[in-house]
Enquirer: 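First, the structure itself, so that you have it in front of you.
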Amino acid sequence: MQVEDFLRVLGAEFYTGVPDSLLKALCNELLQRYPHDPRHHIIAANEGNAAAIAAGYHLATGKVPVVYMQNSGEGNIVNPVASLLHRDVYGIPMIFVVGWRGEPGVHDEPQHVFQGKITRSLLDLLEIPSFVVTKDTTSEELMEARQNFDETLQHGQQVAFVIEKGALSSHLATDWQNPYAMTREQALEAILSHLGDTPIVSTTGKTSREIFELREKRHEGHGYDFLTVGSMGHASSIALGIAMQQPDRQVCCIDGDGAVLMHMGAMAIIGQAQPKNFLHILIDNEAHESVGGFPTAAKSVDLLQVAKACGYQEVREVSKQEQLDEVLQDVTAAQGPVMLLVRCAIGSRPNLGRPTTTTQENKCNFMKAMQGSH
């Protein structure tokens with residue numbers, strides 16, 4: 001189905017959410033229709049944030065908003081749905097558009113398998129009726145489903161359209177760029193060279209994939225790398241938990257701007273805990289690259305000043321590859337918590353693969369390395 005037809009049937013005037021690769025056509029269309037217009041479209045920090053923004057829109061206008069997300073974001077909307085939107089509380093109508101990663105019977109990555117299995121049952125538990133949009137769904141079928149949802153919405157309830165892979169299409173393409181020349185993979189190779197056997201917790205998406213392939217290229221083991229393939233925004237908290245229990249060695253979190261923004265409160269907890277052995281390296285390309293390169297709010301946020309205000313002892317920034325080695329020497333020797341912000345270009349190798357070890361193997365190997373070195 002063409003995304004223009006999908007949006008016409010939804011009939012909404014306001015959209016907010018977190019980009020998803022299965023909803024790339026939708027996100028492209030919204031960014032083309034509403035460039036820099038937060039009255040009609042806002043890319044949110046996380047899905048709960050989006051639900052709250054949409055609630056505010058309804059309170060101000062009386063109209064029904066749309067919140068889009070990958071199904072992994074369902075967890076972030078549980079609280080606002082149950083304690084804000086539900087008809088037993090404020091009764092705020094809302095249309096959710098959910099990309100169905102890990103759909104049963106469709107091969108996907110391990111972090112999506114369980115989430116895919118419970119996607120619709122979780123919506124059912126939240127009393128949100130849903131309709132699945134497939135490659136074969138017609139505009140007439142979608143319109144019928146939308147009309148069937150009308151009474152539910154009028155009673156202050158929420159509904160959901162669950163989008164299968166390939167169900168939405170568009171002729172538009174994303175081509176977001178930033179002014180930085182250093183690639184993320186170049187930065188990561190320099191970082192790995194400096195860190196040696198420092199335990200690394202890396203964020204979800206292409207960062208972890210590139211770290212895995214760099215280890216293979218360099219003929220190094222993977223024992224000191226915990227690749228956080230899911231749970232976006234929580235890598236720094238995982239790293240904090242490790243750092244507090246192994247204070248005699250440095251622990252590094254390699255993070256992304258979209259992930260940091262998603263759960264930025266973690267920085268306040270890191271600053272409060274004051275782990276002297278904590279190195280937070282933030283790879284900032286101002287984009288949700290792994291799901292299509294859509295922009296984050298990082299361009300308008302001074303994340304180094306945020307870290308400093310949260311209690312980080314030192315913050316540094318680098319945007320040129322020739323400066324990275326020197327800055328890495330400084331931050332690895334400094335007392336933490338320390339943040340290094342590395343500004344990188346958007347993009348990756350077209351042949352970038354995925355880890356060939358399982359998530360369980362990754363966990364076990366990492367724990368062995370931690371116990372052996374403690």
Enquirer: Just wondering, do D124 and E127 contact through their side chains at under 4.5 Å, heavy atoms?
Expert: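 No - every pair of side-chain heavy atoms lies 4.5 Å or more apart.
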
Enquirer: Please work out whether the ring planes of Y34 and H40 are parallel, tilted or perpendicular, with thresholds of 30° and 60°.
Expert: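 It falls in the parallel class, under 30°.
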
Enquirer: Answer yes if the side chains of Q70 and S72 hold a donor-acceptor pair under 3.5 Å, and no otherwise.
Expert: yes

Enquirer: Checking side-chain contact (heavy atoms from CB on, under 4.5 Å) against W100, which of I163, V106, V132 comes through?
Expert: V132

Enquirer: Atom CD of residue position E322 - does it have more than 12 heavy atoms of other residues, nucleotides or ligands inside 6.0 Å?
Expert: yes

Enquirer: State whether the side chain of N178 and the backbone N or O of C344 hold a donor-acceptor pair below 3.5 Å, judged by distance alone.
Expert: yes

Enquirer: Indicate whether the side chain of K206 and that of S348 have a donor and an acceptor atom separated by less than 3.5 Å.
Expert: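 Judged by distance alone, the side chains do pair up.
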
Enquirer: Does D20 reach the side chain of M69, with side-chain heavy atoms less than 4.5 Å apart?
Expert: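 Result no, sub-4.5 Å side-chain heavy-atom pair not found.
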
Enquirer: Taking CE in M143 as the centre, count heavy atoms belonging to other residues, nucleotides or ligands within less than 6.0 Å. Is the count above 12?
Expert: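 Enclosed: over 12 neighbouring heavy atoms sit under 6.0 Å from CE of M143.
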
Enquirer: Is there a donor-acceptor pair closer than 3.5 Å between any side-chain N or O of E141 and the backbone N or O of T138?
Expert: yes

Enquirer: We want to know whether H58 and Y90 form a side-chain donor-acceptor pair, criterion being a heavy-atom distance below 3.5 angstrom.
Expert: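 Judged by distance alone, the side chains do not pair up.
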
Enquirer: Look at the aromatic rings of F161 and F6 and report parallel, tilted or perpendicular, splitting at 30° and 60°.
Expert: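 Judged by the thresholds at 30° and 60°, the geometry between F161 and F6 is perpendicular.
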
Enquirer: Within the side chain of S83, is there an N or O that forms a donor-acceptor pair under 3.5 Å with the backbone of N79?
Expert: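 Yes; judged by distance alone, with no hydrogens or angles, the pair exists.
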
